[in-house]
Colleague: 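Dumping the structure here so I can ask a few things about it.
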Amino acid sequence: MQVQQLHPWPTTTAEAEAVQDRLRGRVELTGPVDFALVAGLDVHYHGEDALTAAVVVLDAGTMATVEEVTVRGRVAFPYVPGLFAFRELPALVEALERLTVTPDLLVCDGYGLAHPRGFGLACHLGVLTGLPALGVGKTPFVGTHEPPGPERGDWAPIVHEGAVVGRALRTQREIKPVYVSQGHRISLDTVTDQVLRLAPRYRLPDPIRRADHLARHPD
DNA sequence: GCGACAG
DNA sequence: ATCTTGTCGC
């Protein structure tokens, strides 16, 4: 599939923040409710600055794998909270470009709107591809929230600077919640529905679990 | 000012 | 993210 060009690539944190501030205006917070092909994305790190990006596309109806891509690369930016996306973006974009099918939804490992400048990895990938995208975080980042109820499907809003930016969502009974937020072209209700639907058995959505496995065991 | 801080 | 043992459960 076609993905918008990344350049110019930032060198400093100020430049990276400026990229986020510029692209933030392109995020759309409404979109489709139904998705036929869902892609899970993840990156595995080796040693100092080597990484493998993986994308797994699955049929949302059957959960069968439609296509898998891995790309080896290098860390593209130092880790700075809030600028995490710049580490993995080039490898993930290359993996998406190598897909022969176009997914209808990107399920990203990290945050979207629930981010210091409202533009996490899921927003960035959504804007560059033009595709609906959502983010799933495993640990709290920005904002505050009450603990969600204990049942699968229970959730609590994440509030940051007076706005609801995501939800702490319980995907399995009495299991630590995940932190979901909008990336691009999707509502928060649809994010919640999709993450629940895609995580029928485990804490994390299946597309992310499969991408994680593939990134660790390419071939 | 100091600490905390997605992966 | 990654460095790591044993342990609990399907």
Side-chain angles (χ1 to χ4, degrees), chain A residues 10 13-14 16-17 19-21 23-24 27 40-56 70-93 95 106-128 133-145 152 156-161 163-169 171-184 188 191 195 199-218:
Chain A
T13 59
E17 288 172 0
V19 170
Q20 293 181 330
D21 289 337
L23 294 180
R24 179 176 44 199
V27 170
L41 297 82
D42 195 22
V43 170
H44 181 243
Y45 293 84
H46 331 265
E48 275 307 292
D49 67 346
L51 54 77
T52 299
V55 178
V56 176
T70 59
V71 168
R72 290 217 44 170
R74 298 252 147 212
V75 169
F77 203 82
Y79 174 66
V80 178
L83 301 179
F84 161 68
F86 292 96
R87 283 172 81 70
E88 342 192 301
L89 221 34
L92 287 172
V93 164
L106 304 181
V107 179
C108 307
D109 189 6
Y111 282 86
L113 253 204
H115 172 276
R117 279 170 301 284
F119 196 77
L121 174 66
C123 298
H124 212 139
L125 283 167
V127 165
L128 291 180
L134 64 84
V136 180
K138 297 183 282 292
T139 60
F141 187 29
V142 297
T144 59
H145 62 86
R152 168 174 156 83
I158 298 171
V159 177
H160 180 57
E161 293 174 351
V164 173
V165 294
R167 289 174 180 167
L169 172 65
T171 54
Q172 299 298 325
R173 179 186 180 121
E174 273 153 12
I175 296 298
K176 183 162 48 143
V178 295
Y179 305 89
V180 301
S181 54
Q182 296 159 88
H184 185 51
L188 188 50
V191 167
V195 170
R201 172 80 177 100
Y202 300 104
R203 177 180 179 235
L204 291 177
D206 234 67
I208 288 184
R209 291 173 46 84
R210 293 199 208 177
D212 178 89
H213 185 92
L214 180 61
R216 290 174 195 269
H217 310 107

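Note that the structure is predicted; figures quoted are calculated from it, not measured. To find a chain, count down the sequence lines: A is the first, B the second, and so on, and within it residues start at 1.
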Colleague: What does A/His44 touch in the nucleic acid at a heavy-atom separation under 4.0 angstrom: a base, only the sugar-phosphate, or nothing?
Modeller: sugar-phosphate
Colleague: Parallel under 30°, tilted from 30 to 60°, perpendicular over 60°: which one fits the rings of A/Phe86 and A/Phe77?
Modeller: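 A/Phe86 and A/Phe77: tilted rings.
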Colleague: Using side chain to side chain contact (heavy atoms under 4.5 Å, CB included) as the criterion, point out the one residue from A/Leu106, A/Val71, A/Leu41, A/Leu128 that pairs with A/Leu92.
Modeller: A/Leu41
Colleague: Round to the nearest Å and state the distance from A/Leu121 atom CG to C/dA1 atom C1'.
Modeller: 14 Å
Colleague: Please work out if A/Leu51 contacts a base, only the sugar-phosphate, or nothing of the nucleic acid, heavy-atom cut-off 4.0 Å.
Modeller: nothing
Colleague: Is it the case that the side chain of A/Thr70 and the backbone of A/Ala215 share a donor-acceptor pair, with hydrogens and angles ignored and the cut-off at 3.5 Å?
Modeller: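 Pair absent, no side-chain N/O of A/Thr70 close to backbone of A/Ala215.
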Colleague: From CD of A/Glu88 over to P of C/dA1, roughly how many Å is that when rounded to an integer?
Modeller: 10 Å
Colleague: Which whole-number value in Å describes the distance from A/Tyr111 OH to C/dA1 P?
Modeller: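 It works out to 13 Å between those atoms.
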Colleague: Quick one: on DNA chain C, does A/Arg201 or A/Arg216 contact a more 5' nucleotide (nearest heavy atom)?
Modeller: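 Result of the comparison: A/Arg216.
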Colleague: Name the nucleic acid region contacted by A/Gly137, choosing base, sugar-phosphate or nothing; use a 4.0 angstrom heavy-atom cut-off, strictly under.
Modeller: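 Touches sugar-phosphate only.
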Colleague: NA contact type, A/Pro140, heavy-atom cut-off 4.0 Å: base, sugar-phosphate, or nothing?
Modeller: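 Sugar-phosphate, no base atom in range.
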Colleague: Counting distance only, does the side-chain N/O of A/Arg167 pair as donor-acceptor with the main-chain N or O of A/Ile158 below 3.5 Å?
Modeller: no
Colleague: Just say parallel, tilted or perpendicular for the rings of A/Tyr179 and A/His145, cut-offs at 30° and 60°.
Modeller: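 Ring orientation, 0 to 90° scale: tilted.
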Colleague: Under 4.5 Å between any side-chain heavy atoms of A/Asp42 and A/Glu88, yes or no?
Modeller: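 In short, these two side chains do not touch, never coming nearer than 4.5 Å.
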Colleague: So does A/His213 get a backbone contact from the side chain of A/His217, meaning a donor-acceptor N/O pair under 3.5 Å?
Modeller: yes
Colleague: In whole angstrom, give the distance that lies between atom CD of A/Gln172 and atom P of C/dG9.
Modeller: 17 Å
Colleague: Regarding A/Gly82, tell me which of base, sugar-phosphate or nothing describes its non-hydrogen contacts under 4.0 Å with the strands shown.
Modeller: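 Since a base atom lies under 4.0 Å of A/Gly82, the category is base.
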Colleague: Rounded to whole angstroms, how far apart are CG on A/Asp42 and C1' on C/dT2?
Modeller: 14 Å
Colleague: Go through DNA chain B in 5' to 3' direction and return only the first and the last nucleotide with some atom under 4.0 Å of chain A's heavy atoms.
Modeller: B/dC5 to B/dG7
